[in-house]
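In each ligand, atom 1 is the first atom listed, and ligand 1 is the first ligand listed. Keep in mind that this is a model prediction, so the values were computed, not measured.
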Amino acid sequence: MTNKTSMRLMRHSFLALLFVLAMAVGVPVMAASGGSLQQANASLSDQGSLQNGAKLYFNYCSGCHSLKLMRYSRIASDLGLTEQQVMDNLNFTGAKFGDQVPPSMDVEDAKRWFGAAPPDLSLMARAKGVDYIYTYLKSFYLDPSRPLGWNNTTFPNASMPNALWELQGVQTAVFKPGEKGGDPVFEKFEMHQPGRLDPKAFDVVARDIANFLQYAAEPAGLVRKQVGVWVLLFLGVFTLLAWLLKQEYWKDVH
Ligand code: HEC
């Protein structure tokens, strides 16, 4: 091999390596940015956050929403919970440990009461993103013109009421007039009646629920994260070996 071709080869492998690293680092960053959504900073490696999210989810959301692609038993093993803990704290429907997570509400009743059926949330985080869910949960405001008295700036005219109002409190939204007679533009929220939690603690609630739904949308993501670390470690070690080997070969060339 001439010096020139081996140099070119090395440059190619180096570029390929850079590309792989950029993909590994860049993709989540790209996925996280979007519109005016707030960043949840949710992490699948934070088991405490996932457990807290599961508890909150089953207390505040599962009355209306199903998680048809999840089973209680899977949640237990993935989140490090015992069967007893799951059956006592997460399952309020009388379903069996191996069952999928059903809604506790009848879909037809829900349609009648809310005007729209609460969607299954199994894949919601994949469809809309974890930051969307986080922002959505924080964006409910009092609006007497809506049938249930609630509106949402992230999903205007959503038929879902604010399930977390006792924790968050009740906020109102301030809009400024749109330019040239256009739609009013959202400016800020104002706390109308404080809830049980201060805004910082409520952010954690919204983040943990969003995190749990991110996990539910792709339970394999937990494993992939662990595998990802090993892949990066392997790439690191491999680069070192390749470099040492190159030093060894080039000793004779010089
Ligand atoms: C009282 C019933 C009820 C409860 C409790 C409830 N939801 Fe909903 N949810 C709905 C309904 C109804 C919709 C459909 C809204 C629409 O399409 O207008 C909905 C829609 C959604 C959506 C989809 C929004 C979109 O952009 O399409 C998400 C995400 C969601 N809910 C998350 C949650 C979470 C998380 C909780 C628990 C904190 C929760 N919901 C609690 C009734 C409920």
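Stacking of Lys128 on the aromatic ring of Tyr132 is recorded, both the 6.0 Å distance cut-off and the 45° axial limit being met. Note that Lys111 lies outside the cation-pi zone of Trp113, set by a 6.0 Å cut-off to the ring centre and a 45° limit from the axis.
Between Lys138 and Asp203 there is a salt bridge, with a side-chain nitrogen of the basic residue lying less than 4.0 Å from a carboxylate oxygen of the acidic one.
In terms of protein heavy-atom proximity, atom 24 (C) of ligand 1 is nearest to Phe155 CD2, 3.7 Å. Among protein heavy atoms, atom 23 (C) of ligand 1 sits closest to Met124 CE, 3.6 Å. Atom 12 (C) of ligand 1 has Ala116 O, 3.3 Å as its closest protein atom, hydrogens excluded (heavy atom only). Protein heavy atom at the shortest distance from atom 27 (O) of ligand 1 is Lys128 NZ, 3.4 Å. Of all protein heavy atoms, the one lying nearest to atom 16 (C) of ligand 1 is Ser159 OG, 3.2 Å. Nearest protein heavy-atom neighbour of atom 5 (C) of ligand 1: Tyr60 O, 3.3 Å. Among all non-hydrogen protein atoms, the one lying nearest atom 28 (C) of ligand 1 is Tyr136 CE2, 3.5 Å.
Grouped with Val185 in a hydrophobic cluster is no other residue, since no side-chain heavy-atom contact under 4.5 Å to another Ile, Leu, Val, Met, Phe, Trp or Tyr is found. By the 4.5 Å side-chain criterion applied to Ile, Leu, Val, Met, Phe, Trp and Tyr, Trp243 is assigned to a cluster that also includes Leu240, Leu244.
Protein N/O/S atoms found under 2.8 Å from atom 8 (Fe) of ligand 1: His65 NE2, Met160 SD.
No donor-acceptor pair under 3.5 Å is formed between the side chain of Ser66 and the backbone N or O of Pro102.
Interface atoms of ligand 1 facing Ala158, defined by a heavy-atom separation under 4.0 Å, are 18 (O).
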Anything under 3.5 Å between a donor and an acceptor, one on a side chain of residues 152-160, the other on a protein residue two or more places apart or in another chain? List them.
{"residue": "Asn152", "atom": "OD1", "partner": "Thr154", "partner atom": "N", "Å": "2.8"}
{"residue": "Asn152", "atom": "OD1", "partner": "Phe155", "partner atom": "N", "Å": "3.1"}
{"residue": "Asn152", "atom": "ND2", "partner": "Tyr136", "partner atom": "O", "Å": "3.0"}
{"residue": "Thr154", "atom": "OG1", "partner": "Ser139", "partner atom": "OG", "Å": "2.8"}
{"residue": "Asn157", "atom": "OD1", "partner": "Asn151", "partner atom": "ND2", "Å": "3.2"}

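In this structure, Tyr72 has its ring center at least 6.0 angstrom away from the ring center of Phe97.
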_Verdict with reasoning, Gln85 to Asn89, per side-chain hydrogen bond (donor to acceptor under 3.5 Å, both in side chains)_ = CA-CA 6 Å; Gln85 284 172 322; Asn89 303 316; over 6 Å; no
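Counting heavy atoms from C-beta on, the side chains of Phe58 and Phe212 come closer than 4.5 Å.
Contact annotation for Leu137 and ligand 1: only side-chain heavy atoms (C-beta onward) come within less than 4.0 Å of the ligand. Residue Pro161 touches ligand 1 through its side chain alone, judged by heavy-atom distances below 4.0 Å.
A heavy-atom separation below 4.0 Å is not found between Gly63 and ligand 1.
Side chains of Asp131 and Gln38: a donor-acceptor N/O pair is absent below 3.5 angstrom, by distance only.
Some N or O of Tyr132 is nearer than 3.5 Å to an N or O of ligand 1, by distance alone. When only interatomic distances are considered, the shortest N/O to N/O separation between Asn157 and ligand 1 does not fall below 3.5 Å.
Other residues, nucleotides and ligands contribute at most 12 non-hydrogen atoms within 6.0 Å of the CG atom of Asp183.
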